[in-house]
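Here is the naming used below: chain letters follow the sequence lines, and residue numbers restart at 1 for every chain. Computed from heavy atoms alone, side chains included, the values below leave out hydrogens, waters and symmetry copies.
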Amino acid sequence: MQSSENPGREAILARIRAALKVPAKISDSPGHLHAGPEAIFAPISDPLERFQRECGANNTELILTKSATEGIATARAILESLPPGEIFIQDAQSVRDAAQSFQGSRALRWSSEGGPRESSQASITLAESLVAQTGSVLISSACGGRGASVAVPVHIVLASIDQLVPDLDAAFARIAERGTAAKNAYLCLITGSSRTADIEKILVMGAHGPKRLVVILTLS
Amino acid sequence: MTTAAQDFLRNAAVKSADLIHRKTIRNSIDHYDSAVVRGRARFQNWEAAREKCQAIKRDGIEHLDRYLEEFESKVNARGGQVFWAENGEQARQYIAALAAKHNVRTISKSKSMVAEEIHLTAALEGKGIEVFETDLGEFIVQLRKEPPYHIVTPAMHLTRGQIAELFKEKLGGIETDDPSMLVAAARAALRRAFFSAEMGITGANFLVADQGLAAISTNEGNADLGVTLPRIHLVLAGIEKVIPRMQDLAILWPVLAASGTGQPITCYNTLVGGPRGANETAGPEEFHVVLLDNGRSELLADPEQREVLHCIRCGACLNACPVYRNVGGHTYNTAYPGPIGSVLTPHLRGLNQFQHLSYASSLCGACTEACPVKIDLHHHLLENRRNAVSDADRPLGERIAFKLWGWSMGGASRFAFLGGVGKFLLRALYGLGIEGTAIDPLRPWTKYRAVPKLAAESFRARWSKNHAVE
Amino acid sequence: MPKVALFIPCFVDQLTPQIGVDMTAVLRRVGYEVTFPKDQTCCGQPGFNSGYWDDARPLAERFLRVFRDAETIVCPSGSCTTMVRIFYPQLLAGAAHETEAREIGKRVFEFSEFLVKVAKVTDVGASFPHRVTYHDACHALRELHLKQEPRQLLQAVRGIELVEMPFSEECCGFGGTFSTKFSAISAAMGETKAGNAAQSCAEFITSTDPSCLLQIDGILRHKKSPVSTIHIGSILAQTGDAGGAR
């Protein structure tokens, strides 16, 4: 934006710089010393076990499968249990391969065609990583585009064990290594199915996002 | 006393006596407290977590110009646009002009306290645009035509019965007060708004400088719909939201959730920083970020209270505050209620008009204890009071009273004499039976509490007599 | 014999002097010689809390002068102790007395803090066979970090039944001039505190702070409650000889 269109920019920056010339008065009281372990979070010795536990707590349906074939069969079984309607599906090679087994029985809308529609019954996507610490799925717009994970009532994630990282620090390190944030304008860390507690603090599942989040995790 | 102060006193008195309100809020906060105990237990060292978050926010604020420029350049590199608004008027004008340019008729909006601060919705509705609040709590208070009660849980003052009645009246077809049915009704009602809105407006919990990303946390997923479906996505955020690195979110997200709701982490933590990329088939054509100053750079210039800008808007101080719990969020009549609001509002909106908020506190310190970024909230209230005495209007009677007090306490025999005289007069007056009546000089006390027994002999008299031996 | 100087809050001196008398008796019982600097008046907290720092400052300077030669100062109030230890450095920042203001914090103690941390006693030979609940006064709890110390002293009292009330750490609503400037809110907070105390079925509510007890007692008497309030010093002064609780 030209500075002539936004004179506020220089004015605000000038005020900030002038303000920061005076150092903040930081309280010199030592505060109450709290003895405790150095590490803020306890170390995670068994990420898979932790991931399973967290998914159980946050209402993520986690299905462990021994092979890709078993994973595909699981996905197909879930789709068969859903009401009739279009399935929104990420257009990636591995997903195309998987989709061959149910292509005939369901209408598919590929992410390369556009975003999900109101009529979509479910979406199937890959993920960037899985985070054991919180039982979360990290997706980006490369995983079927924005909306794939949130505009549908059921979101199915196809993942493999090598995508599981122990904690959020590791997840961000992986993003940095792979340049995921540089390549995508949208990322989302999803932890469980959509929910709200705005009514009397009572937890209700399925607000605006999916009511069901399914993670099919292949162990090989 | 200003009108704002008079209104506050009147509304506070009404709400404080409202026993149903007291019970509803107590129930809500009890839920929250139990959840927070569980949430904090996930941290091996909660104090270390607080210190780390404080350090991150301090880094961000102490280098605010550099980080804002870095954020802007990263957003621009992705094809997004950044507008710096000195005040609410400039922000409103920018957003309204953008909406007009694109013939926006409908806006889907996820929760933004900054939008409340600048009265954005009213301004857009004034231009004939329909604005839908998509956060359930905000949706509810919008239907009731009232402001949010709390910065995190806007409808915590309402029972499910009240919400059911509201939905029955405004949405139709509601025959139950079952929360899942009410949520389903809201979801259905807002679906149309999501898919038809030409513009989505969100706030931001954090602005990540090193990646140029706005971080938005929701449990419902409403922000994700807002950054995906409309043609234009606009982020409105205060300049103080900036943090140095994306990596900082590894601690900020869990701490925000633990303090905000007691959860391990919020359900959807979204990072968005540009319009639809070349490799995307869905997403907005335009991405705008409006950075709002509106008094924040002045607070930055206050070396004592600069740290107030560290606030991550978790709401923990509201939940901890016994005053908030008794007077309720609406009594403050500001965008930001509770302890953070009482500290902040005099800076953003004027000390003279809003000094009363800093006085409406017993200084118990529960807020400071609750704050996950260790802002010294209750001590800042004291500083605001000092500033009010030196720079704003205080009642002349009060100024004189404290001069007299200072003089009375300036000498031991003077103090002892005046203490004795005071008690004598009070005994005489109460002997005439005026305790609790309209002419009782201690009426603010005696309206609700018995007067303490007035000791005949002071401690110093007993010490003089026999060194206070019984 | 080790010596302590009494710092008697202005309102204790005038309204509830028995608290001072009781604290003195306990200090003597555990082996201290007690002095009372007669020139003391007020620590300056009321003015300070209302923002009148210029009016409070001379009183702070006066306090420093009156207690300059006292090696150890003991006070039956968490909020007055807090004023001296925590706030004098800020009130006198940049003034000639700033160093002294920082230093005095090391030799002024709230009464229960003194007994447990300095005198290193928890059993002061007290007897009080009643059901008692403890209110955590805000300054004592959050500024002086006293939570266990008053409870340790109470638990050692013969015959006492010490019970916890729900939300013992919640403010009673006094807050100095807050109690009259925002009396409706203050009363609501006091009512909540009284209700929580009642849930413990205690006969007595105790605390380190006479100001809290004034507030709570005022509410209880107004509601004609059978529950009484008593300062921790007055409980510890009871030895079971002659006469029961006051």
Asp39(C) (side chain) donor-acceptor with Ala412(B) (main chain) under 3.5 angstrom: no
Nearest-0.5 Å distance that lies between atom NZ in Lys453(B) and atom CG in Leu15(C): 11.5 Å
Pair Arg462(B)-Gln18(C), side-chain donor/acceptor within less than 3.5 Å: yes
Side chains of Ser50(C) and Arg394(B), donor plus acceptor under 3.5 Å: no
Side chain / backbone / both / neither for Asp18(B) at chain C, heavy atoms under 4.5 Å: neither
Note, Tyr52(C) side chain near Glu398(B) side chain (heavy atom, < 4.5 Å): yes
Residues Tyr448(B) and Glu191(C): side-chain donor-acceptor under 3.5 angstrom: no
Arg28(C) bridged to Glu470(B) by N-O distance under 4.0 Å: no
Segment of Ser79(C) engaging chain B (4.5 angstrom heavy-atom cut-off): neither
Met189(C) vs Ser16(B) side-chain heavy atoms within contact, under 4.5 Å: no
Those residues that, when tested against His379(B), pass side chain to side chain donor-acceptor pair (under 3.5 Å) (two or more places apart): Asp376(B), Glu143(C)
Per-residue contact mode, Asp217(C) against chain B (heavy atom under 4.5 angstrom): neither
Contact class of Arg22(B) relative to chain C, heavy atoms under 4.5 angstrom: side chain
Pairwise distance CZ(Arg26(B)) to OG1(Thr192(C)) - rounded to 0.5 angstrom: 6.0 Å
Proximal component of His378(B), with respect to chain C [non-hydrogen, under 4.5 Å]: side chain
Side chain, backbone, both or neither of Cys172(C) within contact of chain B (heavy atoms, under 4.5 Å): neither
Flag, side chain of Arg449(B) to backbone of Gln215(C), donor-acceptor distance under 3.5 Å: no
Residue Leu220(C) versus chain B: region with a heavy atom under 4.5 Å: neither
pair Leu9(B)-Phe182(C): side-chain heavy atoms closer than 4.5 Å: yes
Side chain, backbone, both or neither of Ile219(C) within contact of chain B (heavy atoms, under 4.5 Å): both
Interatomic spacing from CG in Asn49(C) to CG in Leu381(B) - rounded to 0.5 Å: 11.0 Å
Leu59(C), part contacting chain B, at a heavy-atom distance under 4.5 Å: side chain
Donor-acceptor contact below 3.5 Å, side chain Arg142(C) vs main chain Cys364(B): yes
Side chain / backbone / both / neither for Ser413(B) at chain C, heavy atoms under 4.5 Å: neither
Contacting moiety of Ser361(B), where chain C heavy atoms sit under 4.5 Å: backbone
When Ala25(C), Pro58(C), Gly44(C) are compared by non-hydrogen pairs under 4.5 Å with chain B, the top option: Gly44(C)
Side chain to side chain contact (heavy atoms under 4.5 Å, CB included) between Gln90(C) and Glu304(B), worked out: CA-CA 11 Å; Gln90(C) 193 177 9; Glu304(B) 245 178 1; 3.8 Å; yes
CG on Leu363(B) to CZ on Phe178(C), rounded to 0.5 Å: 9.0 Å
Derivation and outcome, side chain to side chain contact (heavy atoms under 4.5 Å, CB included), residues Phe167(C) and Asp30(B): CA-CA 11 Å; Phe167(C) 307 110; Asp30(B) 279 353; 3.5 Å; yes
Part of Val34(C) lying under 4.5 Å from any heavy atom of chain B: both
Verdict with reasoning, Asp55(C) to Trp407(B), per side chain to side chain contact (heavy atoms under 4.5 Å, CB included): CA-CA 9 Å; Asp55(C) 296 298; Trp407(B) 174 80; over 6 Å; no
Region of Phe87(C) that comes under 4.5 Å of a non-hydrogen atom in chain B: side chain
From CA spacing to verdict: side chain to side chain contact (heavy atoms under 4.5 Å, CB included), Trp445(B), Ser183(C): CA-CA 7 Å; Trp445(B) 181 272; Ser183(C) 53; over 6 Å; no
Interface moiety of Glu170(C) toward chain B, non-hydrogen atoms closer than 4.5 Å: side chain
Heavy-atom donor-acceptor pair, Ser362(B) side chain to Gly175(C) backbone, under 3.5 Å: no
Under 4.5 Å from a heavy atom of chain C, the part of Gln355(B) involved: neither
Ring geometry between Phe36(C) and Phe459(B) (parallel below 30°, tilted from 30 to 60°, perpendicular above 60°): perpendicular
Within-4.5 Å side-chain heavy-atom neighbours: Cys10(C) and Phe415(B): yes
Which portion of Trp463(B) sits near chain C, non-hydrogen atoms under 4.5 angstrom: side chain
Closest-packed option against chain B by number of heavy-atom pairs under 4.5 Å, given Lys38(C), Arg221(C), Arg62(C), Lys181(C): Arg62(C)
